[in-house]
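Each remark here refers to the structure printed beneath this line.
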Amino acid sequence: MYLFTLLGNLLIMATIWSEHSLHTPMYLFLCALSISEILFTVAVTPRMLVDMLSTHRSISFVACASQMFFSFTFGYTHSFLLMIMGYDRYVAICHPLHYNVLMSTRDCARLVSWSWAGGSVMGMMLTLIVFHLTFCGSNEIHHFGCHVLALLKLACGKETSSVTMGVILVCVTALLGCLFLIVLSYVFIVAAILRIPSAEGRHKTFSTCVSHLTIVIVHYGFASIIYLKPKGPRSMDSNTLMATTYTVFTPFLSPIIFSLRNKELKNAIKRNFHRKFSPLSS
């Protein structure tokens, strides 16, 4: 599954780079999304696999902080890119005549840069806040990695509860802020689609949004369960399971969803395979 995640996202990137017909803002954002998913997977999954196969499971303080920083950075970059992709669909469907002006190459590169910068700021800020706390007592993390909620349970001191609430508030606010803007984009998109007179036109227009909308539901569905699920007697085990599922399956599902639900990308992948393997068969 780890290798499929890497190869699937690499395949999407290679197809977009090699196909000139895919050199559009939507596929530029998709390429940036694949890069963030590859980096997120590389930052977290190998360590998890090593711990699963090892009898001596330990991680240094610096390695733990680094893992948290990169997981936050690439995770929030992923959220910001999904938000920008929603904006791209909004402009393409609601303002098609101004699309080339509003989504120029320079503007798209700036939006991608802001997404990476925003993810890096979130990663650095949250990591510094968490590791500024004092940790005492047991140093055993009840998680497969250095997850923020598991680490906060090991902290002690007067400010621990307020910092914990602050970290959760920042995480949830950033995620819900991105989700609100995505939902707002789709409110205008649906309104514009309903004004299209033909059923075929409505179906064709909405089909350009299906893969993005599916990824949004998967991404925010898992994230909301992790951060907003009520605490229970088995909350630690269930949080660990959901976080593991989110870390492994979200990057794994993305290339599958985009390659199967996006007809243009699927045809481009087929053309690439045909060009590479047809000379061998002739």
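Shortest non-hydrogen contact noted between Ala65 and Thr127 is O-CG2, 3.6 Å. Of all heavy-atom pairs spanning Ser34 and Ile12, the tightest one is OG-CG2, 3.7 Å. Here the shortest heavy-atom pairing between Glu19 and Ala268 reads CG-CB, 3.8 Å. When all heavy atoms of Phe80 and Gly119 are compared, the closest pair comes out as CE1-N, 3.5 Å. Nearest approach of Tyr220 to Ser79, heavy atoms of both residues: OH-CB, 3.8 Å. Of all the heavy atoms in Val170 and Tyr76, the pair that sits closest is O-OH, 4.4 Å.
Annotation: His212 is in aromatic contact with Tyr186 [ring centroid separation under 6.0 Å].
Ring pair Phe74/Phe70 is parallel by interplanar angle, where below 30° counts as parallel and above 60° as perpendicular. Classification of the His95-Tyr90 ring pair by plane angle, with boundaries at 30° and 60°, yields perpendicular.
Cluster membership check: Leu265 does not share its hydrophobic cluster with Leu28, using side-chain heavy-atom separations under 4.5 Å among Ile, Leu, Val, Met, Phe, Trp and Tyr. Both Val130 and Met124 belong to a common hydrophobic cluster when Ile, Leu, Val, Met, Phe, Trp and Tyr are linked at side-chain heavy-atom distances under 4.5 angstrom. Leu181 is not connected to Val121 by any chain of hydrophobic side-chain contacts under 4.5 Å among Ile, Leu, Val, Met, Phe, Trp and Tyr, and they are in different clusters. At a threshold of 4.5 Å between side-chain heavy atoms, the hydrophobic network of Ile, Leu, Val, Met, Phe, Trp and Tyr places Leu7 and Leu30 in two separate groups.
Ile93 pairs in a side chain to side chain contact (heavy atoms under 4.5 Å, CB included) with only one of the listed residues (Val190, Ile193, Ile196), which is Ile193.
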Inset, instruction - Under the side chain to side chain contact (heavy atoms under 4.5 Å, CB included) rule, what do Leu39 and Ser36 come out as? Steps first, then yes or no, please. - result: CA-CA 5 Å; Leu39 294 176; Ser36 71; 5.9 Å; no
Legend entry - Evaluation steps, side chain to side chain contact (heavy atoms under 4.5 Å, CB included), between Phe206 and Ile189: CA-CA 9 Å; Phe206 185 73; Ile189 287 171; 5.5 Å; no
Inset, instruction - In sequence, state the C-alpha distance, the side-chain angles, and the governing distance for Leu82 and His219, and then conclude on side chain to side chain contact (heavy atoms under 4.5 Å, CB included). - result: CA-CA 9 Å; Leu82 287 176; His219 176 74; 3.8 Å; yes
Legend entry - Steps toward side chain to side chain contact (heavy atoms under 4.5 Å, CB included) verdict (Arg89, Met26): CA-CA 8 Å; Arg89 292 296 83 210; Met26 181 176 72; 3.5 Å; yes
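Proximity of a side-chain donor or acceptor of His78 to a complementary backbone N or O of Glu37 within less than 3.5 Å is not detected. No donor-acceptor distance shorter than 3.5 angstrom exists from the side chain of Ser104 to the backbone of Asn100, with no hydrogens or angles considered. Remark: the backbone N or O of Leu194 is not paired with any side-chain donor or acceptor of Arg202 at under 3.5 angstrom. Looking only at distances, a side-chain donor or acceptor of Thr208 sits under 3.5 Å from a matching main-chain atom of Thr205.
For the atom pair Ile16 CD1 and Met13 CE, the distance stands at 8.5 Å (nearest 0.5 Å). Note that the OG1 atom of Thr77 and the CD1 atom of Ile84 stand 9.5 Å from one another [nearest 0.5 Å].
Counting non-hydrogen atoms of other residues, nucleotides and ligands closer than 6.0 Å to CE of Met165 gives a total of 12 or fewer. Crowding of His203 atom NE2: a count of heavy atoms from other residues, nucleotides or ligands under 6.0 Å not exceeding 12. The environment of Phe131 atom CZ is dense: over 12 non-hydrogen atoms of other residues, nucleotides or ligands sit within 6.0 angstrom.
Side-chain contact check for Thr15 versus Tyr27: every heavy-atom pair is 4.5 Å or farther apart.
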